[in-house]
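Keep in mind it's a predicted model, so treat the numbers as computed, not measured.
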Amino acid sequence: MLGIVVVVLAVVAGVGWAIKPTWQPWWYAATLCGGNLSGEDLAELLPNERLQAAEDTFGSGHGPLRCGVNKSDGRHFVLKTEAQIDMGEPLGPLDMEFTIPRDLHYAYPRSVPGFYGKFGPVIIQDCPKLGHESGGRKRRLVTNVYTNKVDNNPSPQSLRTAVRIANGANAEIGCGADPLPLPDRVEPARKLSLSQAEGTMCGWLAQGALPRSPSGKEWQVVAPTGERAPVTSCSLIDSGTGESAVNLTGWYGDWTDKPFERLLSANVRIPKGHSSRDALLGERFGRAKARCAGESANFLANSYARDSLRSVLPMSEVRRLLNEFAADQAERRGCTGLELPGRTVHTDLH
């Protein structure tokens, strides 16, 4: 009898282990991350193999809040979530994402203040209940979702996971941000005609004279973000080639200064009398500056040709567009101390 019981238990255990990849997403959703995950979304994000829970600090009442799922070896993650207040420290959640300022890989819908970063979704929220730091910086809740070779492109599942984690961390830490709506899809930003762009944050592009496009065809505009987003974006697209001629982005918060200084010092030959803290124009990009809500704001214009070392547009035109973008952003957000690059195009270091 004892032998039969042992065999039955072994069979049951073996069957349970065999089907573990099928039921484990729902088990992890019920037991990890303070109950902020969805089994249905996890079933799409997690690989169909045996996994194990990672360290879970949700429920501790303070940040950083972390949780996730590892491979069966316990050393490599397949899904990792982090939510923490950005303190502006080196290697912090935003500094790690922005090694250098860059074009947005993918901006999310306007209801979600974030974008798809180098490693997965990033959400940035101001925390009104936590006030400002002693230096005047806003306290911001930064939520990162890292997916290891599972979600290499923006998906509804990874975005919903990030939103769920952000909402849970917002409540647990007492951030005070408005709860984010749960999106049901992720759509690429549409290319708009100039007339269609007039009602967007990038409507200023339709109000002035634009240079001729490289193909000679009409210009299109991509306007993926709202005017109050933590990172804003406008792009001018050549409809003849489908390629971007210039990408304009606004970056808000003191955390943006160091990445911009690295960008300039690593790429531009800065002459005496200038420094990497200045508004400058390089051979393929330019930087403008301002003060918005008591913190730094940095504005970037990129014009990179795909198979050339030259900019797509003449840098005189890139500078004009950057200046107009920065001025429009400063007016919309009540910024002061706007600094624009001069006419000099500083040569590349490389």
| task | In sequence, state the C-alpha distance, the side-chain angles, and the governing distance for Leu51 and Val78, and then conclude on side chain to side chain contact (heavy atoms under 4.5 Å, CB included). | result | CA-CA 9 Å; Leu51 304 169; Val78 293; 4.2 Å; yes
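- Residues Asn302 and Val246 fail the side-chain proximity criterion, which asks for heavy atoms closer than 4.5 Å.
- For the pair Asp238 and Ser213, the tightest heavy-atom approach, listed with the atom from each and the gap, is OD1-OG, 3.7 Å.
- Leu300 and Val231 fall within a single hydrophobic cluster, where Ile, Leu, Val, Met, Phe, Trp and Tyr are joined by side-chain heavy atoms under 4.5 Å apart, directly or via other members.
- Proximity of Leu37 to Tyr28: side-chain heavy atoms (C-beta onward) are nowhere separated by under 4.5 Å.
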| task | Would you check, one step at a time, whether the test side chain to side chain contact (heavy atoms under 4.5 Å, CB included) holds for Ser158 with Leu45? | result | CA-CA 7 Å; Ser158 65; Leu45 290 174; 4.2 Å; yes
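- Annotation for Glu40: atom CD does not count as buried by contact number, only 12 or fewer foreign heavy atoms lying within 6.0 Å.
- For the pair Gln220 and Leu194, the minimum side-chain heavy-atom distance is 4.5 Å or more.
- Checking side-chain atoms of Thr161 against main-chain N and O of Val145 turns up no donor-acceptor pair under 3.5 Å.
- Under the 30°/60° scheme for interplanar angles, the aromatic rings of Phe119 and Tyr146 are found to be tilted.
- Taking 4.0 Å as the cut-off between side-chain N and carboxylate O, Glu49 and Lys71 count as a salt-bridged pair.
- The number of heavy atoms from other shown groups lying within 6.0 Å of CZ (Arg320) is above 12.
- Put simply, CD on Glu295 and OH on Tyr252 are 12.5 Å apart, with the number rounded to the nearest 0.5 Å.
- Trp219 contributes a side-chain N or O that, together with a main-chain N or O of Pro211, makes up a donor-acceptor pair within less than 3.5 Å.
- The two atoms that bring Ala166 and Ile123 nearest to each other are CB-CD1, 4.2 Å, heavy atoms only.
- Glu261 places no side-chain N or O within 3.5 Å of a backbone atom of Ser276 that could act as its donor or acceptor partner.
- Residues Pro93 and Val142 share a closest heavy-atom pair of CB-CG1, 3.8 Å.
- Annotation: side chain of Ile124 is not in contact with side chain of Pro113 (no heavy-atom distance under 4.5 Å).
- Using a 4.5 Å cut-off on side-chain heavy atoms (C-beta onward), Phe285 and Val268 make contact.
- Taking both residues in full, the closest heavy atoms of Gly250 and Phe299 are given as CA-CD2, 3.8 Å, listed atom of the first, atom of the second, then distance.
- If you chain together hydrophobic residues whose side chains sit under 4.5 Å apart, Tyr304 and Val222 never meet in one group.
- Linking ILVMFWY residues whenever their side-chain heavy atoms come closer than 4.5 Å, directly or via other members, places Trp27 and Phe58 in the same cluster.
- Judged purely by atom type and a 3.5 angstrom limit, Ser303 uses its side chain to pair as donor or acceptor with the backbone of Val312.
- At distances below 3.5 Å, not a single donor-acceptor pair connects side-chain atoms of Asp278 with backbone N or O atoms of Leu280.
- At a threshold of 4.0 Å, the pair Lys289-Asp257 does not count as salt-bridged, since none of the basic side-chain nitrogens sits closer than that to a carboxylate oxygen.
- For the pair Leu32 and Ala53, the tightest heavy-atom approach, listed with the atom from each and the gap, is CD2-CB, 3.8 Å.
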| task | Decide yes or no on side chain to side chain contact (heavy atoms under 4.5 Å, CB included) for Met201 and Thr225, but give the supporting numbers first. | result | CA-CA 8 Å; Met201 186 201 72; Thr225 58; 3.9 Å; yes
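- Note: Asn323 CG to Asp328 CG = 12.5 Å, rounded to the nearest 0.5 Å.
- Summarising the geometry, atom CG belonging to Leu263 is positioned 8.5 Å from atom CZ belonging to Arg287; distances are rounded to the nearest 0.5 Å.
- The environment of CG in Asp348 is crowded: more than 12 heavy-atom neighbours from other residues, nucleotides or ligands sit within 6.0 Å.
- Thr81 and Arg66 share no donor-acceptor pair across their side chains, judged by distance under 3.5 Å alone.
- Between the side chain of Glu227 and the main chain of Cys202, no donor-acceptor pair closer than 3.5 Å is present.
- We find the CZ-CZ distance between Arg333 and Arg228 to be 5.0 Å, quoted to the nearest 0.5 Å.
- Using a 4.5 Å cut-off on side-chain heavy atoms (C-beta onward), Met315 and Leu322 make no contact.
- Residues Asn170 and Gly176 share a closest heavy-atom pair of OD1-N, 3.1 Å.
- The existence of a salt bridge linking Asp86 and Arg140 is excluded, since no basic side-chain nitrogen approaches an acidic carboxylate oxygen closer than 4.0 Å.
- In this structure, Thr344 contributes its side chain and His346 its backbone to no donor-acceptor pair below 3.5 Å.
- Trp204 is connected to Val318 through a chain of hydrophobic side-chain contacts under 4.5 Å among Ile, Leu, Val, Met, Phe, Trp and Tyr, so both are in one cluster.
- For the atom pair SG (Cys33) and CG (Leu42), the distance works out to 8.0 Å, reported to the nearest 0.5 Å.
- Thr347 places a side-chain heavy atom less than 4.5 Å from the side chain of Glu283.
- Leu313 and Ile237 fall into different hydrophobic clusters, where Ile, Leu, Val, Met, Phe, Trp and Tyr side chains are chained together by heavy-atom contacts under 4.5 Å.
- For the pair Ile85 and Cys127, the minimum side-chain heavy-atom distance is below 4.5 Å.
- Taken from CG in Asp41 to CZ in Arg164, the straight-line distance is 5.5 Å, to the nearest 0.5 Å.
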| said: Under the criterion side chain to side chain contact (heavy atoms under 4.5 Å, CB included), I'd like the reasoning laid out for Phe325 against Cys234: C-alpha separation, chi angles, the key distance, then a yes or no. | reply: CA-CA 8 Å; Phe325 172 71; Cys234 293; 4.0 Å; yes
